[in-house]
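Letters A, B, ... mirror the listed sequences (proteins, then strands); counts begin at 1.
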There are 2 protein chains.
Amino acid sequence: MTVSEPIPVPDRSAEPAAAADFALQAAEERFIEGMGLALEEDRLPRIAGRLVGLLIVSPQPLRFDHLAERLRVSRGSISTNTRLLENMGVIERVTRPGDRRDYFQINEQPGLLQRVADRFRDRQAMAEEMKQALPPGTDGGNVVGDRLDGLIRFYAVLADSLNSMLAVIEEAGGNSRSGTP
Amino acid sequence: MTVSEPIPVPDRSAEPAAAADFALQAAEERFIEGMGLALEEDRLPRIAGRLVGLLIVSPQPLRFDHLAERLRVSRGSISTNTRLLENMGVIERVTRPGDRRDYFQINEQPGLLQRVADRFRDRQAMAEEMKQALPPGTDGGNVVGDRLDGLIRFYAVLADSLNSMLAVIEEAGGNSRSGTP
DNA sequence: CACCTTGTTCAGTCTTGACAAAACAAACCG
DNA sequence: CGGTTTGTTTTGTCAAGACTGAACAAGGTG
């Protein structure tokens with residue numbers, strides 16, 4: 001949880017929607033919905049996905065009740081899912097001094113990246129363990145060993161790319177923004 | 001569905017379990033269970049995951065009823081899940097002339113790899129679409145644009161690694177084995 | 001033909017998890 | 001202190017999906 005500078009209240013809904021803004025609105029809607037589905041594939045509640053989508057697209061942190069309203073879900077759901085995402089390190093809760101309400105923003109994402117990479121590593125390790133247990137000189141051509149090698153390489157490649165991406169981000173310093181789910 | 005050469009019946013259960021084999025058995029069990037959990041994370045039924053694990057570890061194709069027995073699940077579940085994996089191109093149904101029963105084996109996996117890569121591409125496209133819709137000169141520093149760039153790069157990196165891995169496999173010819181889930 | 005064997009499909013059960021609504025807690029304000 | 005705002009926790013409902021077991025089909029085989 002971070003305490004930030006005074007935050008100008010977003011209140012985008014109050015602006016008269018310029019004609020061109022219409023397309024933007026629609027695109028945002030699609031993106032938010034798309035993130036909902038995408039993260040749902042990764043075993044997160046759909047609302048969590050939409051939350052991520054919405055926060056990626058918002059230049060300013062958004063207020064708790066704003067989220068419930070905008071996504072049209074109960075405050076309970078917002079509470080549950082924000083906490084979930086907070087624990088995962090995907091979003092961050094932000095407060096202002098003298099303001100009792102909570103705001104949320106997308107986090108810089110090395111933590112999440114790391115988590116995904118780790119999951120790949122775990123699977124790689126699992127395959128490696130299996131390979132170890134294999135008797136050394138197995139019958140004709142060692143099919144199983146080769147298969148496991150393929151599997152190991154698969155997971156290794158994914159984990160490696162993520163790690164090298166992480167390295168790039170870290171090196172670029174904290175100022176480079178990324179949304180990574 | 002492929003018609004193969006005569007397949008020596010596996011029947012590993014008939015062999016007297018050598019002392020060293022014990023560790024192997026245990027490792028296999030762990031691996032199978034691990035693949036069950038891993039693929040469950042990817043939204044496949046757990047049984048499907050175990051099936052994949054078991055088939056990866058089996059040098060020979062396994063018989064339908066063997067699968068049910070070994071994994072201790074109903075034939076119905078085997079039927080459903082083998083068909084699922086077959087449709088996904090993960091496993092292959094193999095038959096022998098003069099044998100009414102079905103055998104299954106792990107498939108060479110470029111198809112599956114491709115599918116995973118495509119999913120990443122789709123998400124990348126989604127993020128790019130959103131970026132397009134953004135007004136060109138957004139306010140201070142273009143935070144949202146930068147975030148989307150990060151997201152795009154994230155998905156692109158994953159898709160690219162998979163594609164290049166695919167290329168390597170293809171180039172190596174059909175003889176290189178890989179298990180990719 | 002009756003009768004296996006083999007695999008598929010269908011109906012029913014059970015678990016899981018998402019979500020809403022309401023009860024609740026805590027901080028603040030008068 | 002009572003009442004309000006803000007967020008959390010709990011309770012209950014609902015839907016999705018995995019799995020089993022039984023019914024079923026389609027071939028063989030006597």
Side-chain angles (χ1 to χ4, degrees), chain A residues 1-3 7 9 32-33 35-54 61-88 91-105, chain B residues 1-3 7 9 32-33 35-54 61-88 91-105:
Chain A
M1 171 104 97
T2 294
V3 174
I7 297 163
V9 180
I32 291 171
E33 223 45 40
M35 288 302 287
L37 292 176
L39 289 222
E40 197 177 26
E41 276 184 7
D42 297 345
R43 320 232 69 164
L44 288 182
R46 189 176 298 184
I47 292 187
R50 286 199 268 239
L51 227 33
V52 171
L54 176 53
L62 293 183
R63 253 171 46 193
F64 186 94
D65 55 333
H66 239 92
L67 296 173
E69 196 176 292
R70 164 73 192 259
L71 298 180
R72 276 174 307 191
V73 297
S74 71
R75 286 180 304 148
S77 293
I78 295 295
S79 175
T80 304
N81 285 283
T82 46
R83 192 152 27 79
L84 170 64
L85 292 171
E86 213 182 347
N87 288 337
M88 295 177 62
I91 69 176
E92 196 181 7
R93 190 180 302 251
V94 186
T95 58
R96 296 193 284 163
D99 188 342
R100 205 136 66 80
R101 292 159 303 182
D102 293 357
Y103 293 74
F104 294 92
Q105 65 186 14
Chain B
M1 171 105 96
T2 294
V3 175
I7 298 164
V9 179
I32 291 172
E33 223 46 38
M35 289 301 287
L37 291 177
L39 290 222
E40 196 177 25
E41 276 184 6
D42 296 345
R43 321 232 70 163
L44 289 181
R46 190 176 298 184
I47 292 187
R50 286 200 269 240
L51 226 34
V52 170
L54 177 52
L62 294 183
R63 251 172 47 193
F64 186 95
D65 54 334
H66 241 93
L67 297 174
E69 198 175 292
R70 166 76 191 258
L71 298 179
R72 276 175 307 190
V73 297
S74 70
R75 286 181 303 147
S77 292
I78 296 295
S79 176
T80 305
N81 285 283
T82 47
R83 192 151 30 77
L84 171 64
L85 292 172
E86 212 183 349
N87 288 338
M88 294 179 64
I91 70 176
E92 196 180 9
R93 188 180 303 252
V94 185
T95 59
R96 297 194 283 163
D99 187 342
R100 205 134 70 76
R101 292 160 303 184
D102 293 359
Y103 294 74
F104 294 91
Q105 64 186 14

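Atom C1' of nucleotide C:dT16 and atom CD of B:E41 are separated by 16 Å, given to the nearest angstrom. At whole-Å resolution of the value, CG in A:L84 and P in C:dG17 are 12 Å apart. Between B:R46 atom CZ and D:dG17 atom C1' there is a gap of 13 Å when expressed in whole angstrom units. Put simply, CG on A:D102 is 17 Å from P on D:dT5, counting in whole angstrom units. Residue A:L71 contributes atom CG, which lies 11 Å from atom P of C:dC19 at whole-angstrom precision. Here D:dT9 presents its C1' atom at 12 Å from CZ of A:R75, a figure rounded to the nearest Å. We find that CG of A:D99 is positioned 11 Å from P of C:dC29, with the value rounded to whole Å. We find that CD1 of B:I47 is positioned 13 Å from C1' of D:dG21, with the value rounded to whole Å.
Of the candidates A:H66, A:R93, A:R96, A:R63, A:R96 is the only one forming a side-chain hydrogen bond (donor to acceptor under 3.5 Å, both in side chains) with A:Y103.
OP1 or OP2 of C:dT8 lies within a sub-4.0 Å distance of a side-chain N or O belonging to B:R93. Residue B:R83 has a polar side-chain atom (N or O) positioned under 4.0 Å from OP1 or OP2 of C:dT9. Distances shown here put a side-chain N or O of A:S77 below 4.0 Å from the OP1 or OP2 atom of C:dA20.
B:R100 contributes no side-chain N or O that forms a donor-acceptor pair with the base of D:dG28 under 3.5 Å.
When distances run from any side-chain atom of A:F64 to the nucleotides C:dA21, D:dT8, D:dG21, the shortest one goes to D:dT8.
Contact of the A:I32 side chain with the A:R70 side chain is registered, since non-hydrogen atoms from C-beta on lie closer than 4.5 Å. A heavy-atom distance below 4.5 Å is found between the side chains of B:L51 and B:I78. Between A:L44 and A:N81, the closest side-chain pair of non-hydrogen atoms is not below 4.5 Å. Within the 4.5 Å cutoff, the side chain of A:R50 has no heavy atoms near those of the A:E40 side chain.
Looking at which nucleotide of DNA chain C each of A:G76 and A:L44 is closest to, the 5′-most match is held by A:L44.
Counting non-hydrogen atoms under 4.0 angstrom, A:I78 reaches nothing in the nucleic acid.
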